[in-house]
Amino acid sequence: MTETAGILVRRFGGPEVLEPVGLPATAPGPGEVAIEVEAVSVTFVETQLRAGRAPRPEMVPDLPWVPGNGVAGTIAELGEGTEAALLGRPVVSTTG
C-alpha cells in the first residue's frame, strides 16, 4: 500500500470543508496489521469538532485533521510477529 483514500479537514465549517484526499499508507510495524478499510465511524462529537463547536476547548483538533475514530474491514498486511492466520480476517478497530 502506498496511498489510501481519506477525508481531510483544513478549516472548520460545514460539510463543505470535508476534502477527499490521498493519504500516505504506512506498512504495519512489529505486532501490527494493516486493514483494508471498508467502513469508517464518525461520531456526532466529530461533526461538532468539524464545525468548530467543540464541547470543550481541549477537544479542538489541530488542523489539518482526519476525522473518524473507528474502522471496519479486512486485514490486508501483517507486521513482523503477527499470526499468519490473521491475513484476510474481517475486523473492527479504533483508530487510536
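Nothing here was measured: the structure is a model prediction, and the numbers come from that model.
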Checklist line | Distance in Å, E46 CD paired with N69 CG, rounded so as to fall on 0.5 Å steps | finding: 4.5 Å
Note to self: Which residue is it: V21, L23, L18? I am looking for the one with a side-chain contact (heavy atoms from CB on, under 4.5 Å) to I7.
What the structure shows: L18
Check: What pair of heavy atoms forms the shortest contact from V42 to G68, and how long is it?
Finding: CG2-CA, 4.0 Å
Next item on the list: State whether the side chain of T95 and the backbone N or O of V71 hold a donor-acceptor pair below 3.5 Å, judged by distance alone.
Entry: no
Check: If you group Ile, Leu, Val, Met, Phe, Trp and Tyr by side-chain heavy-atom gaps below 4.5 Å, do V37 and L8 land in one group?
Finding: no
Check: Measuring from L87:CG to E77:CD, what's the distance to the nearest 0.5 Å?
Finding: 9.0 Å
Note to self: Among L63, L49, V66, which residue satisfies the side-chain contact (heavy atoms from CB on, under 4.5 Å) criterion with V9?
What the structure shows: L63
Margin query: In this structure, would F12 and M59 fall into the same cluster of hydrophobic residues linked by side-chain contacts under 4.5 Å?
Written below: yes
Note to self: Would a single hydrophobic cluster contain both I35 and L78, if residues Ile, Leu, Val, Met, Phe, Trp and Tyr are joined by side-chain heavy-atom contacts under 4.5 Å?
What the structure shows: yes
Checklist line | Smallest separation among heavy atoms of A54 and V60, with atom names | finding: CB-CG2, 3.7 Å
Notebook entry, point to check: Of the non-hydrogen atoms in A72 and V92, which two are nearest, and what is the gap between them?
Noted result: CB-CG2, 4.1 Å
Next item on the list: Could you pull out the closest heavy-atom pair between G29 and E32, with the gap in Å?
Entry: N-OE1, 2.7 Å
Next item on the list: Assess whether atom CD of E80 is packed by more than 12 heavy atoms of other residues, nucleotides or ligands within 6.0 Å.
Entry: no
Checklist line | Steps toward side-chain contact (heavy atoms from CB on, under 4.5 Å) verdict (R50, V17) | finding: CA-CA 8 Å; R50 184 250 316 137; V17 304; 3.7 Å; yes
Checklist line | Pair T74-E38, side chain to side chain donor-acceptor pair (under 3.5 Å): steps then yes or no | finding: CA-CA 8 Å; T74 305; E38 298 165 23; 2.9 Å; yes
